[in-house]
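Because the structure is a prediction, the values reported are computed rather than measured.
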Amino acid sequence: CDVESQKERVVTEEEWLQKWEMGNIGFHKEQGHPLLQKYLDVLLNGRSGLRIFFPLCGKAVEMKWLADMGHSIVGVELSEQAVKEFFSEHSLPYCEEQVPEISGGKMFQSTSGNISLYCCSIYDLSSSIVGKFDGVWDRGALVAVNPRDRQRYASLMINLVEKNSSYLLVTVSYDPNKHKGPPFYVPESEIKSLFG
């Protein structure tokens, strides 16, 4: 299986924003992801009140679902439209503030305080800004980042998680010669080398 065919592929931030503007968001799941429900116990590992990170969160309905269970949710998303749609579609009041450490960065937080969504590039985040997490739900992030940025992405994620955290990762399997991505094909061997 030839992964070289995707190695140089780059999707720009503008292209991602355009997908949201055009409503070209086939990756968004209205009903939430069945795999999260299936593996929820693995993510929570018997713990309650976790801080859970959603990288490249879009307007994932699972954020509300987990927040309603008493967890604290932090997401990061490039598209302000996606973030605002998340709050409006769940009828959640929120406030908006600038993030001084990030040029042009904003943070949208539910009035209840348990959902905080950062609107910026994921690479603008650090643990000094968002703290560390007990769990990560990576449903479409690793497979969406440009292949050449994977190492940078994985290093950031490792930096953002607590020692005993759980990381749920969903990938896609297909012939990369037939589909240019995203989502990109990330072979299991590469996941092992990225995350150890």
Side-chain angles (χ1 to χ4, degrees), residues 20 25 27-102 105-145 153-171 191 195:
W20 280 99
I25 53 168
F27 47 80
H28 175 68
K29 288 195 173 5
E30 291 291 342
Q31 299 309 317
H33 202 292
L35 287 173
L36 179 58
Q37 291 158 7
K38 185 174 175 185
Y39 292 103
L40 184 63
D41 293 350
V42 177
L43 182 65
L44 302 182
N45 196 14
R47 302 168 298 167
S48 56
L50 301 188
R51 293 192 80 228
I52 300 174
F53 185 51
F54 277 66
L56 315 190
C57 61
K59 55 177 182 176
V61 297
E62 299 92 328
M63 296 191 288
K64 169 92 168 49
W65 188 58
L66 285 167
D68 287 345
M69 284 181 206
H71 303 291
S72 169
I73 306 302
V74 175
V76 61
E77 169 57 47
L78 199 56
S79 165
E80 188 171 318
Q81 177 186 338
V83 170
K84 288 179 168 171
E85 284 179 10
F86 169 78
F87 287 109
S88 66
E89 287 171 13
H90 294 284
S91 308
L92 289 172
Y94 65 91
C95 54
E96 176 182 333
E97 55 189 67
Q98 302 298 318
V99 182
E101 304 93 327
I102 301 172
K106 295 179 183 176
M107 196 260 281
F108 296 79
Q109 188 172 53
S110 60
T111 310
S112 54
N114 58 354
I115 303 177
S116 307
L117 305 185
Y118 287 80
C119 188
C120 59
S121 160
I122 190 166
Y123 304 114
D124 289 333
L125 294 185
S126 64
S127 55
S128 64
I129 299 173
V130 292
K132 290 194 178 252
F133 299 99
D134 308 301
V136 177
W137 171 236
D138 184 335
R139 189 226 106 184
L142 177 66
V143 295
V145 300
Y153 173 83
S155 304
L156 171 66
M157 298 308 283
I158 290 165
N159 177 260
L160 291 179
V161 294
E162 298 284 8
K163 283 281 174 276
N164 60 345
S165 64
S166 310
Y167 195 116
L168 278 194
L169 172 68
V170 178
T171 60
I191 293 169
F195 291 99

Determine, stepwise, if the pair Val42 / Leu168 fulfils side-chain contact (heavy atoms from CB on, under 4.5 Å). CA-CA 8 Å; Val42 177; Leu168 278 194; 4.2 Å; yes

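- The side-chain heavy atoms of Leu160 and Val130, taken from C-beta on, include a pair separated by under 4.5 Å.
- Tyr118 is not listed as a side-chain neighbour of Phe108, based on a closest heavy-atom distance of 4.5 Å or more.
- Taking the six-membered ring where the residue is Trp, Phe133 and Phe53 present parallel rings, their angle staying beneath 30° rather than reaching 60°.
- With contacts defined as side-chain heavy-atom distances shorter than 4.5 Å, the pair Lys132/Val161 does not qualify.
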Worked check of side-chain contact (heavy atoms from CB on, under 4.5 Å) between Trp65 and Gln37: CA-CA 10 Å; Trp65 188 58; Gln37 291 158 7; 3.5 Å; yes

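- Ser165 meets the side-chain hydrogen bond (donor to acceptor under 3.5 Å, both in side chains) test with no other residue; sequence neighbours excluded.
- Under a cut-off of 6.0 angstrom, the local environment of OH in Tyr39 is sparse, with at most 12 non-hydrogen atoms contributed by other residues, nucleotides or ligands.
- When side chains are defined from C-beta on, Met157 counts as touching Val136, because their heavy atoms get closer than 4.5 Å.
- Looking at Ser110 and Asn114, their side chains do bring a donor and an acceptor atom within 3.5 Å of each other.
- Shown here are the ring-ring contact (aromatic ring centres under 6.0 Å, His included) partners of Phe86, two or more places apart in sequence or in another chain: His90.
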Under 3.5 Å donor-acceptor pairs involving side-chain atoms of residues 66-82, not counting sequence neighbours:
unit_1 : atom_1 : unit_2 : atom_2 : d
Asp68  : OD1    : Lys64  : NZ     : 3.3
Asp68  : OD2    : Lys64  : NZ     : 2.7
His71  : ND1    : Leu50  : N      : 3.0
Glu77  : OE1    : Gly58  : N      : 2.7
Glu77  : OE2    : Ser79  : N      : 2.9
Ser79  : OG     : Gln81  : N      : 3.3
Ser79  : OG     : Ala82  : N      : 3.0
Glu80  : OE1    : Lys106 : NZ     : 3.0
Glu80  : OE2    : Lys84  : NZ     : 2.8
Glu80  : OE2    : Lys106 : NZ     : 3.4
Gln81  : NE2    : Trp20  : O      : 3.1
Gln81  : NE2    : Glu85  : OE2    : 2.8

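- A distance-only check finds no donor-acceptor pair linking the side chain of Arg139 to the backbone of Leu35 [under 3.5 Å].
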Report the C-alpha separation of Tyr123 and Val145 in whole Å, then their side-chain angles, then the decisive distance to 0.1 Å, and conclude whether the side-chain contact (heavy atoms from CB on, under 4.5 Å) test is met. CA-CA 11 Å; Tyr123 304 114; Val145 300; 3.7 Å; yes

Verdict with supporting geometry, Tyr153 and Asp138, side-chain contact (heavy atoms from CB on, under 4.5 Å): CA-CA 12 Å; Tyr153 173 83; Asp138 184 335; 2.7 Å; yes

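- Here the side chains of Glu101 and Asp124 are not in contact, with every heavy-atom distance at 4.5 Å or above.
- Side-chain atoms of Phe54 and Ile115, non-hydrogen and from C-beta on, never get closer than 4.5 Å to each other.
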